[in-house]
J.: 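Below are the structure tokens for one structure; questions will follow.
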2 protein chains.
Amino acid sequence: MEKYLEVLRWCPLFKGIADENLLRMLTCLGARVEFFDKKYTIIAEGDKAKFIGIVLSGAVQMINTDFYGNRSIVAVSEKGEMFSEAFACAEIESIPVSVIATEPSEIMLINCSHILHTCTNNCGFHQQMIFNLMKNLAVKNIQFHQKLEVTSKRSTREKLLAYLTVCEKKAGSTSFDIPFDRQELADYLGVERSGLSAEISKLKKEGVINADKKRFELL
Amino acid sequence: MEKYLEVLRWCPLFKGIADENLLRMLTCLGARVEFFDKKYTIIAEGDKAKFIGIVLSGAVQMINTDFYGNRSIVAVSEKGEMFSEAFACAEIESIPVSVIATEPSEIMLINCSHILHTCTNNCGFHQQMIFNLMKNLAVKNIQFHQKLEVTSKRSTREKLLAYLTVCEKKAGSTSFDIPFDRQELADYLGVERSGLSAEISKLKKEGVINADKKRFELL
DNA sequence: GAAAGTATGTTGAAATTTCAACAAAAGGTG
DNA sequence: CACCTTTTGTTGAAATTTCAACATACTTTC
């Protein structure tokens, strides 16, 4: 597990926990690492919601596919971030989305009940970890607020600009990469790909943005 | 505070805490109760995100108003439920939405730092409360997933039916009341009121639903 | 480096939503 | 009960989005 230390130090779950304690905890938690190729399903809709995932390398998307096969991208987790923690913490039966690797990815899986229901009173690191988990859940909540703010806009143009503004803030620069190709961006924003492409072109012509592949710039 | 005991027992924050401990904790937490008339603002966008709110009576809505004045209803909290807990727990600067009373409401306000940063190691009830708070954050997360699933549908009809299906599940009956009037429902679903009214009429004619004011039935 | 496959941009027609305006119904108030 | 206000339903025109189809650019594979 040593080779993952650098990523794990960045993971919100282990904030404030020293390396040597972290490594011991991983054993105690029964953490295991699995590799998934691009496009592979890490957790399928309907699976038991037992595990918290941590992205050690690569990236994953939470996908919601409806009755008619329409894909909606709910969220993205990148290196060092967690996923599926809300489902595991809420102790619901099964997970309502699928988690897909969008690149070859190494994923750490931890049975959430090991975090919630083991030695909660004795071990200080454990308390810290539960606190970290709570804070992370709150942060994810806020991210949902942001996503709702973006997708609740009525037009493709407004959704796109709202999303790019969020990215700009996150990146701390007017120029940044987004984690989506055009079809994925459309599925994330809840709009039509062709209309999205048209809108991007229009905004380029108007001199509002620059865009090339996944790189965007707000002018 | 005794007169609020019945509601507070139902509040997810105090689950598993006996009445006598609960009352002592309220003092320790510095909980206070305020009354708000219908349409009054409990927390305004931009306010410091210090407080967790608990609805003792009445109901509140989380409202997001954009630059152009378009209203979007993010969520509703009813009797016994919490609000603003994610903002407080994430310890962000200021709250990005407004919380409005939709009926005359009694609201309990608790400074979240009193929950997170006081006697966390000594007091068992306190540990329980933090655990409850975490679980509630996870549940709210899942509710956001549900809302996204509803609002990510492309047509007014699909959004409405998806929302009504969620209500049906929650109510455990094909007939139920929704917490919105027509304009509010439109602002919650992210559609036009007139189009929504038209769609409701259509679904009634087709025999798919019954609807009268806030009461709906799925046929 | 050629071939196949994937991603992106473009376009016009069809469908849907938004907008504005009004009428009818319901609710609140003196 | 009459008046005023708010809510809801309806409608048609304008704007926007979706859909389908195709051309081009870019990637991957052999």
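Sequence lines set the chain letters: A, B, ... in the order given, protein chains first and strands last, and positions in each chain run from 1.
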J.: Rounded at 0.5 Å granularity, tell me how far CG in B/L219 sits from OG1 in B/T174.
T.: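 The OG1 atom of B/T174 is 7.5 Å from CG of B/L219, to the nearest 0.5 Å.
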J.: Measure the distance from CG on A/L160 to C1' on C/dG9 and round it to the nearest whole Å.
T.: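 That distance rounds to 15 Å.
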J.: Given D/dT7, is OP1 or OP2 found less than 4.0 Å from the side-chain N or O atoms of B/K214?
T.: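 No, no such contact exists.
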J.: A/S197 side chain N/O closer than 4.0 Å to the phosphate oxygens (OP1, OP2) of C/dT10?
T.: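 Answer is no, no contact under 4.0 Å.
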J.: Separation of B/L196 atom CG from D/dT10 atom C1', in whole Å?
T.: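 It works out to 14 Å between those atoms.
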J.: Assess B/K147 against B/Y188: is NZ or CZ under 6.0 Å from the centre of the six-membered ring, and within 45 degrees of the ring's axis?
T.: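 Yes, a cation-pi geometry holds between B/K147 and B/Y188.
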J.: A/K159 NZ to D/dT16 P: how many Å, rounded?
T.: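 Between P of D/dT16 and NZ of A/K159: 14 Å.
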J.: C/dT10, C/dG9, D/dG9: which one has an atom nearest the side-chain heavy atoms of B/K204?
T.: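 The nucleotide sitting nearest to the side chain is D/dG9.
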J.: Quick one, A/D187 and A/I63 - any side-chain contact, counting heavy atoms below 4.5 Å?
T.: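 The answer is no, as the side chains (C-beta and beyond) never meet within the 4.5 Å cut-off.
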J.: Rounded to whole Å, how long is the line connecting atom CD1 of B/I178 with atom P of D/dT7?
T.: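 Rounded to whole Å, this separation is 14 Å.
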J.: What is the distance from NZ of B/K39 to P of D/dT5, rounded to the nearest Å?
T.: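 Between P of D/dT5 and NZ of B/K39: 13 Å.
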J.: Starting from the 5' end of DNA chain D, give me the residue, A/K213 or B/A198, whose nearest nucleotide shows up first.
T.: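 Of the two residues, B/A198 wins.
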J.: Using a 4.5 Å cut-off on heavy atoms from C-beta on, say whether the side chain of B/S175 contacts that of B/R215.
T.: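 A side-chain contact under 4.5 Å exists here.
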J.: How does protein reach along nucleotides 17-24 of chain C, written 5' to 3' as B (base within reach of a heavy atom under 4.0 Å), S (only sugar-phosphate), or - (no contact)?
T.: SSBBB---
J.: Assign the ring pair B/Y163 / B/F180 to parallel, tilted or perpendicular, where the plane angle (0 to 90°) is split at 30° and 60°.
T.: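 If you compare the ring of B/Y163 with that of B/F180, the planes turn out tilted.
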J.: To the nearest Å, how far apart are A/D187 CG and C/dA7 C1'?
T.: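 It is 14 Å, rounded to the nearest whole Å.
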J.: Nearest whole Å is fine: how far is C/dA7 C1' from A/E184 CD?
T.: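 Answer to the nearest Å: 11 Å.
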J.: Grab the CZ-C1' distance between B/R182 and D/dT10 for me, whole Å please.
T.: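 So the CZ-C1' distance, B/R182 to D/dT10, works out to 14 Å.
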J.: Crowded around A/E6 CD? As in, over 12 foreign heavy atoms under 6.0 Å?
T.: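 For A/E6, atom CD is not crowded (no more than 12 foreign heavy atoms under 6.0 Å).
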J.: First locate atom CG of A/L164, then atom CD1 of A/I200, and finally report the distance between them rounded to the nearest 0.5 Å.
T.: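 Result: 7.5 Å between the selected atoms.
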